[in-house]
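Step one of this worksheet: look at the structure below.
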Amino acid sequence: MRDKIPDIIRQNGGNPVITILGATEYREALTAKLFEEAGELREAPIGEVAGEIADVYEVLRALAADHGYDWAAIERTAQAKRDERGGFLDRLYLA
């Protein structure tokens, strides 16, 4: 969950039950969260797409950090792949 969610729950009168995950469990939870957020993005109405993309982005940033990468390194790797293979802007599908 996002780091400030327990505080938000408390502000709304709730009492969150929190578990601090070990390294393996954390990575597994982030990966599961990525799939959850991707599903939400897939189903989002057009007005909510930006917010869902932001959620996917935050999970990806957390995964990158957990693997020891800063986001600038991920951006450089993405640019290298775009330079070599192209992006996804032309709507191509290889059947």
Task: Listed once per pair and sorted, the ring pair (Phe, Tyr, Trp, His ring centres under 6.0 Å) pairs that draw on residues 5-25, sequence neighbours left out - done: none

- [ ] Sort and list the pairs that fulfil ring pair (Phe, Tyr, Trp, His ring centres under 6.0 Å) and have at least one residue in residues 4-25, not counting sequence neighbours.
- [x] none

Could you pull out all donor-acceptor pairs under 3.5 Å where a side-chain atom in residues 55-69 meets a protein atom, sequence neighbours excluded?
| unit_1 | atom_1 | unit_2 | atom_2 | d |
| --- | --- | --- | --- | --- |
| Asp55 | OD1 | Arg2 | NH2 | 2.9 |
| Tyr57 | OH | Arg61 | NH1 | 3.1 |
| Asp66 | OD2 | Arg27 | NE | 2.6 |
| Asp66 | OD2 | Arg27 | NH2 | 3.3 |
| His67 | ND1 | Leu63 | O | 2.9 |

List the atom pairs, with distances to 0.1 Å, where a side-chain N or O of residues 7-19 and a protein N or O form a donor-acceptor pair under 3.5 Å, not counting sequence neighbours.
| unit_1 | atom_1 | unit_2 | atom_2 | d |
| --- | --- | --- | --- | --- |
| Asp7 | OD1 | Arg10 | NH1 | 2.9 |
| Asn12 | ND2 | Ile8 | O | 3.0 |

Side-chain atoms of residues 81-95: list all donor-acceptor pairs with protein atoms under 3.5 Å, sequence neighbours left out, distances to 0.1 Å.
| unit_1 | atom_1 | unit_2 | atom_2 | d |
| --- | --- | --- | --- | --- |
| Arg82 | NH2 | Gln79 | OE1 | 2.9 |
| Asp83 | OD1 | Gln79 | NE2 | 2.7 |

Open item on the list: Please enumerate all residues that pass salt bridge (charged side-chain N to carboxylate O under 4.0 Å, His left out) together with Glu75, with sequence neighbours excluded.
Closed with: none

Open item on the list: Tell me every residue that passes side-chain contact (heavy atoms from CB on, under 4.5 Å) with Ala72, counting only those two or more places apart in sequence or in another chain.
Closed with: Asp70, Arg76

Output a table of donor-acceptor pairs, distance under 3.5 Å, between side-chain atoms of residues 42-52 and any protein atom two or more places apart or on a different chain; print 'none' if there are none.
none

